2 protein chains.
Amino acid sequence: MDELGHKDRAEPEDTRIRAARIQDVARLADVSTATVSRALANPERVSPEARARVLEAIAKTGYVPNPAARSLRSQKTFMVLVVLPDLSNTFFSKILRGIEETLFEAGYGMIISDLDGSPEKEAHFAAFTAAGRVDGAILLNGHLFGQSRGGEGQPARIGIPLVALCEAIPGADIPQIEIDNRAAASRMTQHLATLGHRRIAYVSGPANNILERERFLGFKEGLEAVGLPFDPALIIPGDYTIEAGVRAGQDLVARSTRPTAVFCTSDEMAIGLMRTLFSAGLKVPDDISVAGFDDIEFAAVAEPSLTTIHQPRRELGQAAASALIDLLQGRSSPKRIRLDTELVIRDSVASL
Amino acid sequence: MDELGHKDRAEPEDTRIRAARIQDVARLADVSTATVSRALANPERVSPEARARVLEAIAKTGYVPNPAARSLRSQKTFMVLVVLPDLSNTFFSKILRGIEETLFEAGYGMIISDLDGSPEKEAHFAAFTAAGRVDGAILLNGHLFGQSRGGEGQPARIGIPLVALCEAIPGADIPQIEIDNRAAASRMTQHLATLGHRRIAYVSGPANNILERERFLGFKEGLEAVGLPFDPALIIPGDYTIEAGVRAGQDLVARSTRPTAVFCTSDEMAIGLMRTLFSAGLKVPDDISVAGFDDIEFAAVAEPSLTTIHQPRRELGQAAASALIDLLQGRSSPKRIRLDTELVIRDSVASL
DNA sequence: AAGTTGCATGTAATCGATTACATAGGGTTG
DNA sequence: CAACCCTATGTAATCGATTACATGCAACTT
């Protein structure tokens, strides 16, 4: 069996030890393969003695069921696809960890598909769902759904359970895990107003983003609640990235009358914006207050530290994973789960 | 077969359209399943006419090979495991994207395993490799390897191809993709010295981290190159996190004689450190210069913007994935790939 | 013309687990 | 004691693709 002798057809020169199969376990435990399978899947359906022998044999052989075989027969993959718009966005990482740990505990693996640009996204999603490579998917991105409905060319196999995380999908009848973006945005707006700010700018997310719409509604709601007028000139377009924040900052710097406070709908934008203001010689919060959204790691160490909305990211991930697991295992899942946010007050916002 | 009528065994009441199998394609194209399989895997081994008919039938049915079946037969999963110490660390995200895109192009999927704490790590790695759920793995974490060698209990199936990314694994005979940490650290050290700094502090990574060792060697090398003495009092322990940077900052602030420059071996630490210095009333770079390592997104928008070492993160990921794919497909792969770094000069470092 | 070679294709075994169905034996009931 | 039921277990079909081997046919060699 080694690079020396082996005249008699030994294992191909593969050093790897052949993994134990269910048959090996069955033989060792002196039962049939059916019993081994049952001992694992439905312990109560085999006698205690047989089960003991099986478990012992499994321990001895180090048997692990072959997922391909199991999957082929049972039509389940024990894999979940996580679709997200941008892996390098800090915001998602803790969410992912929450998802991963919950999935892992339930015996599921996680496949990540980073959409990044438009073109591939459909491809990725289709490739995995269509091929039956995953049992379900968690979507951290709302847009994608529209297209996937029964286009002729693509396989009509989109029937796998889905869960939407953070980005609600409009007409879709799937569980949505989210925070109350509207309430949070309203809260922040009122917080700013309470400190005496009258001209509050708003740096938005991507235009047709559902999350953005909610936050925008919340912003307007907040203004209304404190009796401030809504001024379209104070809306600055953004897309949650650092660069968008930088650009928004340039816009502000160039203005003759500036707002006294800026509410950025992501911490990245707030940090980019503060950077630009600073370069232009404006001081935060003395000259202008800046608030963020998300409470990413860097929010606390930004200079000045960022007042923002804390989202329970890990918990969001866990909740999404749990909801999906419920669906996958035939249980029902609440249609909508809302986790609480928290207003985190730091140094980037001051009273007028 | 069902509680209602349907006498002639209709499809079970599953709305999902049954995915096309190779048999359906074969029937439609009027060939055998073997020919269909060959038309896909070895196009040159079937006649052009047959191939055309097969392709047409595939287009018509929307056939996608069932990965479980393929995997069962061919003993390949077309999945790669990526093991990393901390998903929420900004540094990894772009690397992941590089890995993912390269894998995807080659038809491989990516499974991510975030080690986070110690206990699970072995579990995750073992669970996936042992079960044959993946064909290979990319390790972004060096430690793990020691344990996995032939422990009695665990399945001896660690024979899958591995690639080490960024964290070289000492004795292991596997391809290593990395940057020249030593040269980069030396370069930065000399850069600081050239600007007149004589007392340069060094904020380290985790003690037994290989990457850290290289950078530390580079630091000492750099000192030597410019004729500066090595002063152990100027070494401050860290672990690459923001918090470690904050702590290092507190340490510095408390000192009576302070270094004029600090070389942090990660941008996170540099940013945390600057934050603390600032809070203590010290100005960067006027009172003290700060340099980082990695060039993460936030480095450019920190205040002041951070002088650091740029690592080609996406390319690192791509290189690692390519190397692994080479191995998986039986080609050989260079044992060591080194990508170039770049010294990025910004505002956090000034001449004395 | 008989033998050889090689290509295109088909037939069927195979991968390893799950599970419908069959069966044997022990216990219960009238 | 016969009829029945229930439990524990075994037998073998099955999931869908890959691929070793077999076959048929055409072209070429001597």
Side-chain angles (χ1 to χ4, degrees), chain A residues 9 12 14 16 18-54 57-58 61-78 107 130-133 135 155 157, chain B residues 1-2 9 11-12 14 16 18-27 29-54 57-58 61-78 107 130-133 135 155 157:
Chain A
R9 81 141 201 68
D14 194 342
R16 234 178 296 182
R18 192 166 189 67
R21 294 155 310 161
I22 196 170
Q23 287 217 25
D24 305 323
V25 175
R27 199 176 317 124
L28 199 62
D30 198 30
V31 294
S32 73
T33 61
T35 302
V36 175
S37 181
R38 280 190 284 254
L40 290 169
N42 309 78
E44 75 282 2
R45 309 216 3 95
V46 303
S47 68
E49 306 83 52
R51 194 187 326 159
R53 287 211 308 283
V54 167
I58 287 178
T61 54
Y63 167 73
V64 182
N66 179 316
R70 177 210 292 262
S71 177
L72 175 59
R73 177 65 227 245
S74 63
Q75 305 290 12
K76 285 184 180 143
T77 62
F78 286 96
R133 244 157 127 142
D135 294 341
R157 189 74 137 51
Chain B
M1 270 159 193
D2 224 319
R9 75 150 208 65
E11 297 289 305
D14 195 342
R16 234 178 297 180
R18 192 167 190 65
R21 294 156 310 161
I22 197 170
Q23 287 216 24
D24 305 322
V25 175
R27 199 176 317 122
D30 197 31
V31 295
S32 73
T33 60
T35 302
V36 175
S37 181
R38 280 190 284 251
L40 290 170
N42 310 78
E44 76 282 1
R45 309 216 2 94
V46 302
S47 69
E49 306 83 51
R51 195 187 325 159
R53 288 210 309 282
V54 168
I58 287 178
T61 54
Y63 167 73
V64 182
N66 180 317
R70 175 209 293 262
S71 175
L72 175 58
R73 178 63 226 246
S74 62
Q75 305 290 14
K76 285 183 181 146
T77 61
F78 286 96
R133 244 156 127 145
D135 293 341
R157 189 73 136 52

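Basis for what follows: all heavy atoms, side chains included, without hydrogens, waters or symmetry-related copies. For clarity, every value in this text was computed on a predicted model and none was experimentally measured. The chains referred to below are lettered A, B, ... by the order of the sequence lines, with proteins before strands, and numbering in each begins at 1.
Checking the phosphate oxygens (OP1, OP2) of dT14(C), no side-chain nitrogen or oxygen of Gln75(B) falls inside 4.0 Å. For Thr35(A) and dG10(D), the shortest distance from a side-chain N or O to OP1 or OP2 is below 4.0 Å. The side chain of Ser47(B) contributes an N or O atom lying less than 4.0 Å from OP1 or OP2 of dT9(C). Side-chain nitrogen and oxygen atoms of Tyr63(B) include none within less than 4.0 Å of the OP1 or OP2 phosphate oxygen of dG16(D).
A donor-acceptor pair under 3.5 Å is absent between the side-chain atoms of Arg51(B) and the main chain of Ala39(B), judged by distance alone. Between the side chain of Asn42(B) and the backbone N or O of Arg45(B) there is no donor-acceptor pair closer than 3.5 Å. Ser74(B) places a side-chain N or O within donor-acceptor distance of the main-chain N or O of Arg70(B), the cut-off being under 3.5 Å.
Checking Arg38(B) against Pro65(B), the closest nucleotide of DNA chain D that is more toward the 5' end is the one next to Pro65(B).
Counting non-hydrogen atoms under 4.0 angstrom, Ala68(B) reaches nothing in the nucleic acid.
Closest to the Ser32(B) side chain, of the nucleotides dG10(C), dA17(C), dG10(D), is dG10(C).
Taking a pair as Watson-Crick or G-U wobble with both distances under 3.5 Å, DNA chain D forms stems of 3 or more consecutive pairs at C:1-30 with D:1-30.
Checked by distance alone, Arg73(A) brings a side-chain donor or acceptor within 3.5 Å of a matching partner on the base of dT14(D).
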